[in-house]
K.L.:
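The structure's right below; bear with me while I get my questions together.
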Amino acid sequence: MRYFIKKSITLIMTLFLVSAAAFLAFQIIPGDVVTSILGTEATPEREEQLREELGFNDPPAVRYFNWIADILRGDLGVSYRYSKNMNEMMPVSELIGDKLPVTLWLAALSLVLITAVSVPLGVLWARSKSHFLDALLGVTTQAAMAVPAFFLGILVTYIFGIVLKFFAPGGYVSYKEDFRGFLGYLMFPALSVAIPKIAMTARFLRNSLLTEMNADYVRTAYGKGCTGRRVVYGHVLRNAMIPVITFLGMIVAEIVAGSIVIEQVFGLPGIGRLLISSVSTRDLPVVEILILYITFVVIFVYFLIDILYRAIDPRISEK
Amino acid sequence: MIRIEDLSVAFDGPEVVKNVSLEIRDGEILGVVGESGCGKSVTALTLMGLVAESARVTSGRIYFDDTLLLEAGRPRDKALYRRFQGDEMSMVFQEPMTSLNPTQRAGKQVDEVLRLHTRLDAAERRKKVLETFEAVGLKDAETVYASYPHQLSGGMRQRVMIAMAVILHPRLLVADEPTTALDVTVQNQIVSLLQKINRQQNNAMLFITHDLNLARRLCQRIAVMKDGCVVEQGETEQIFRHPEQDYTRRLLEAVPSRMKRRKSPYVPAEEQALSDPVVQVRDLSVYYQDGGNSLFGKKRRHCVVKDVNFEIYPGESLGLVGESGCGKTTLSRAVLGINRDIEGQVLHSTLRPQMIFQDPYSSLNPARTVGWQLQEPLRAQGATAVGGAMTRADMEAAACDMLRRVGMDERYFYRRPAQLSGGQRQRVSIAQALITHPGFIIADEPVSALDVTIQAQIMELMQRLRREMKLSFLFISHDINVVYQMCDRIMVMKEGRIIETGETEEIFDSPKEEYTKELLASARNNVQ
């Protein structure tokens, strides 16, 4: 319990630090939001009015605290760029609320693919005594790791979309309308995200398994009369997973924060695309919230990993 | 019962076991002694079918009763072996911490043997495991059953290992240095336990050790191995009383024991009293912090060493003995100035005390040459020296000179640690410690990682250097016989306190504290 409280306080403090840094950074970065919203043709009166509306005339410290206070109340501010209709500005929360499920589902699907494929593959690889399989897996995983994400995306689109016609490239159905269709569209981007990570994880797991196979307790297990299979699944795998868990955590943090390139290639309206468009249009409220979101996700995932660690390795919780 | 005939085993390269023939009879304890790398472990592992896959059996056969377990030229029959492993023959290893799976509860690991070889149901298995735990002297069997290895002490872990090995009453128990990683007092308990099991269950035992005293105490017959060959084999007393081979004789002579005359260059007390002490330690308490990893966690300060007082005079060697975890190393680090969280005073009359470490394999930088490492203390000294740094040529000359003093020569100057043997590495460590002429050296278990014959050479070397360079030692060891050979005075440490100090002879002949008596008794047990 103490542990959870400690971790939560650390999380909150980190978020504050990052929020301050993000806010400060956008004060320093040159470029006037007002001109970028209204264009160069606007009258000085209109500009002044907007400045007042957006609270730009207050000192930065006041604005920062107002911003934080608003966030804590659940008001994430409004986008400068998007609008709901002619009269209403688009709240950031709604904007992100639309995109978040896409990214999260993509991440979840990729993660399932990664673990479901890489763990058996890693075990198979470590246990294989065939030099051919060893070499084959070595080359394939190396290639899969080296291919740039966008190229893989294009390749997947071409093969599964254009040649095999499993999905219509560039298409997308909202999960609210047709959930199965939505998953169908996500399947291939998820595959593109997963392939390099599968290769990395399988490699990593294989090395970890091979190292672990040299441990003394493996000899003990054989000495009891265990079969090779039993040694791997009953003893070695769990210990070998410990470093792999960290690695998977880093991957999860990365894809939950938004697979920018893949979303772009497949035309998915997710967080990654939103981030690119709002950075390039100086949609500061959106960017700042996204920075906080990514920070939160990364820390939170590491927190989960930490808990998982404790479940796997009994030695950690007592240190 | 077991017949090993003409066994040779090779990894990639020369044979590490050469034409070894051994027989183990029912109920007998056969000791295999020899120095590290002599092939005794490989022989045992080959017998057990546990040797690495890369090993090739180049000649010979192994029989268990009339079953041919292994024959040169045929692949290892794993299915056949599995029937025997754990059931008819089992093994206890040296390091109980790493030999148990760290992420599985102790009970479950022992239980696995039953699951593999019997058809008992879960409740019966559990009952049997608990019974076996009690039989091997684990008092709170239920708690041990549910504990992970790291929650148990070294002795308890080894008992779990033994429970795992004997639960099915195998006819052969192979024990590979089962007490080497344990404290003296615990060592004795484990040896007694193995003896008891041998008597009760009347199983044969192959006992592998580098410790001749221990082998003498435990085994009916002994085989001495050297460079992969059995050089001598026979009844234990026969071998100890009338060794036939030169090597056996040398091995026996190298064993430090009280039976031998002490060679320590003794500085008379009157002469010592005239000079000022090299090191004075006043009311020293050393603390150690815990939980400093988090922003908010309260740091807990443990007191590891409490109110320690001693002084060391020029030319004197002061021994520090005690079990692992009693604070020996912490104290030495505080005296050296590495541990800063202390109360009390440490006064040095020398500028730079140096330290010799236990493990010459990990305490030398593998990436640098011997010569470079020898000069390192000089470079460090140069950075603060008043008269400016030594020139490069001077430093190299000093390093070569030091190499000669420790019995090596310039050829080793450009070698790296991996190219040296354990004894040579320890010589380099000593040279490194002495190159600045520190006058005072802390030696933390400097010979316990070494083989007996090497151990004797290194002790000899340290005594010689002590005379030549007028060194004072703080000599830390858990091996009371080594301390007897090396030290003029002895301090006994227990749970962070010095409980007894005195002249070596005085401590050995009339120990005052109960704990000291216990320590000495366990050491003597090994001698008789």
Side-chain angles (χ1 to χ4, degrees), chain A residues 2-14 16-17 126-129 208 210-245 303 306 308-319, chain B residues 41 44-45 48-53 78-105 108-117 146-151 160-161 164-165 167-168 170 174 176 290-291 293-298:
Chain A
R2 258 177 64 87
Y3 167 77
F4 284 95
I5 296 171
K6 249 163 45 181
K7 280 280 168 188
S8 318
I9 295 174
T10 318
L11 173 64
I12 292 167
M13 282 196 34
T14 317
F16 264 107
L17 269 171
R127 291 200 61 197
S128 97
K129 294 204 173 67
S208 175
L210 289 182
T211 316
E212 206 66 27
M213 287 300 283
N214 291 323
D216 287 351
Y217 68 84
V218 174
R219 202 174 51 189
T220 311
Y222 277 117
K224 292 185 211 173
C226 288
T227 57
R229 200 186 171 76
R230 200 183 166 96
V231 170
V232 171
Y233 290 104
H235 293 275
V236 178
L237 187 58
R238 181 165 166 177
N239 289 296
M241 277 309 282
I242 294 168
V244 177
I245 291 286
F303 173 58
D306 218 39
L308 206 58
Y309 243 25
R310 276 152 202 272
I312 290 190
D313 190 346
R315 285 166 295 183
I316 290 173
S317 42
E318 280 158 50
K319 269 183 195 157
Chain B
S41 285
L45 289 172
M48 283 295 297
L50 294 176
V51 73
E53 302 256 328
K78 288 185 185 166
L80 174 70
Y81 255 115
R82 274 200 294 276
R83 285 219 318 271
F84 283 93
Q85 285 165 338
D87 195 1
E88 291 287 327
M89 55 193 216
S90 57
M91 189 157 177
V92 178
F93 300 95
Q94 174 173 357
E95 187 34 88
M97 180 72 220
T98 55
S99 296
L100 289 168
N101 185 344
T103 58
Q104 227 176 55
R105 294 178 197 279
K108 199 180 163 209
Q109 296 191 47
V110 179
D111 181 59
E112 192 175 20
V113 182
L114 297 177
R115 261 183 300 163
L116 286 164
H117 297 283
S147 300
Y148 289 101
H150 72 275
Q151 295 166 322
V160 171
M161 281 299 293
M164 191 188 287
I167 191 163
L168 289 173
V174 178
D176 187 357
D290 209 27
N293 224 339
S294 150
L295 254 171
F296 309 100
K298 250 195 222 111

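If you're wondering where the values come from, they're calculated on a predicted model, not measured in any experiment. In what follows, chains are A, B, ... by sequence order, proteins preceding strands, each numbered from 1.
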K.L.:
Closest heavy-atom contact between A:P314 and B:P102?
P.N.:
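Taking every non-hydrogen atom into account, CG-O, 3.6 Å.
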K.L.:
Between A:K224 and B:M164 (side chain of the first, backbone of the second, donor and acceptor by atom type, cut-off under 3.5 Å), is there such a pair?
P.N.:
no
K.L.:
Quick one: does B:Q94's side chain get under 4.5 Å of A:D216's, heavy atoms only?
P.N.:
no
K.L.:
If we ignore hydrogens and angles and just use 3.5 Å, is the side chain of B:T103 paired with the main-chain N or O of A:N239 as donor and acceptor?
P.N.:
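Not at all, since once roles are kept as given, no pair shorter than 3.5 Å links the two residues.
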K.L.:
Sequence neighbours excluded, which residues qualify as salt bridge (Lys or Arg N to Asp or Glu O under 4.0 Å) partners of B:R82?
P.N.:
none
K.L.:
Could you state the interatomic distance from CE (B:M91) to OH (A:Y222), rounded to the nearest 0.5 Å?
P.N.:
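These two atoms lie 15.5 Å from each other.
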K.L.:
Among the options B:V92, B:D87, B:L168, B:L100, pick out the one with the most heavy-atom pairs lying under 4.5 Å from chain A.
P.N.:
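Ranked by heavy-atom pairs under 4.5 Å with chain A, first place is B:L100.
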K.L.:
Would you mind listing every ring-ring contact (aromatic ring centres under 6.0 Å, His included) that reaches into residues 78-99 of chain B, with sequence neighbours excluded?
P.N.:
B:F64-B:F84
K.L.:
Check B:N101 against A:G234 and note the closest heavy-atom contact, atom names and distance.
P.N.:
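Looking at all heavy atoms of both residues, the closest pair is ND2-O, 4.3 Å.
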K.L.:
Please classify the contact of A:I242 with chain B as side chain, backbone, both or neither, using a heavy-atom distance under 4.5 Å.
P.N.:
side chain
K.L.:
Any idea which heavy atoms bring A:R219 and B:L50 closest together, and the distance?
P.N.:
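In this case the closest contact between A:R219 and B:L50 is O-CD2, 3.8 Å.
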K.L.:
Taking side chain as everything from C-beta outward and backbone as N, CA, C, O, which of these in B:R115 sits under 4.5 Å from a heavy atom of chain A? Side chain, backbone, both or neither.
P.N.:
side chain
K.L.:
Does a side-chain heavy-atom distance below 4.5 Å link A:R238 with B:Q104?
P.N.:
no
K.L.:
Find the distance between NE2 (B:H150) and CG (A:D313) and round it off to the nearest 0.5 Å.
P.N.:
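If I round to the nearest 0.5 Å, the distance is 8.0 Å.
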K.L.:
Please flag which part of B:L45 lies under 4.5 Å from any non-hydrogen atom of chain A: side chain, backbone, both or neither.
P.N.:
side chain
K.L.:
Does B:L116 reach the side chain of A:C226, with side-chain heavy atoms less than 4.5 Å apart?
P.N.:
yes
